[in-house]
Structures are given as structure tokens and as C-alpha cells.
Amino acid sequence: MAGRKETALDLAKFVDKGVQVKLTGGRQVTGTLKGYDQLLNLVLDEAIETEREQDDPLKLSGKTRQLGLIVCRGTAVMLVSPTDGTDEIANPFLADGA
């Protein structure tokens, strides 16, 4: 492996496992990672997009949309995280009654 450039993100351990991908523009997609390349283009199967609120793009609406097999372009990928072992928690920095 001499002369091979090492990537900052090793996605090999997530292949055929569930991942959550956040994209530029506020889109969020969850699916099974089937493949990737060095440019971070991702192939997701059984992909589901979680839609956002119209009036507040930072809030998830809870509505989902089935996408099936998709390709996420690497330039649009902001975050890749496994779906197993992650839970949503309340924001501890928000004051009560705010």
C-alpha cells in the first residue's frame, strides 16, 4: 500500500449497513450503504428522505419519502453517520420555557 493516499473517512466498515447522510441544502437521507468512491459519491439502497418544515428548514417534519436506490453526489455530502447506536436527545442548552 505504499504511495496510496489514505482517506480521512473510512466507509468500508459501513458497507451493507444503515447510514444517515446529511446533504447540502438541508436534505437528510437514510438508507443502506451499497458503495462509495474516493470522491465520496455514495450509493444508498432503500433510501428514505426525511422532509423538513416549510417555515423552519432546520426542523424535521416527521414526513418521509421513499426514494429507493439513489446516488448521493460527493460534493453535496456533509455528514455520514451509522444509524445503529444513534439516538436523538433533547438539547441540554435550551432554557426551560424558551
**Q** Is there a side-chain contact between V19 and L42, using heavy atoms and a 4.5 Å cut-off?
**A** no
**Q** Rounded to the nearest 0.5 Å, what separates atom OG1 in T30 from atom CD in E49?
**A**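 T30 atom OG1 to E49 atom CD measures 10.0 Å (nearest 0.5 Å).
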**Q** Taking side chain to side chain contact (heavy atoms under 4.5 Å, CB included) as the criterion, tell me which of L11, N41, V43 meets it with Y36.
**A** L11
**Q** Without placing hydrogens or testing angles, list every side-chain donor-acceptor pair under 3.5 Å for residues 70-82, not counting sequence neighbours.
**A**
none

**Q** Could you measure the distance from the CG atom of L44 to the CG atom of L33? Nearest 0.5 Å is fine.
**A**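 If we round to the nearest 0.5 Å, L44:CG and L33:CG are 6.0 Å apart.
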**Q** Name the atoms and distances for all side-chain donor-acceptor pairs under 3.5 Å in residues 20-28, with sequence neighbours left out.
**A**
| residue | atom | partner | partner atom | Å |
| --- | --- | --- | --- | --- |
| Q28 | OE1 | R52 | NH2 | 3.4 |

**Q** Could you tell me whether the side chain of K34 reaches within less than 4.5 Å of the side chain of D16, counting heavy atoms only?
**A** yes
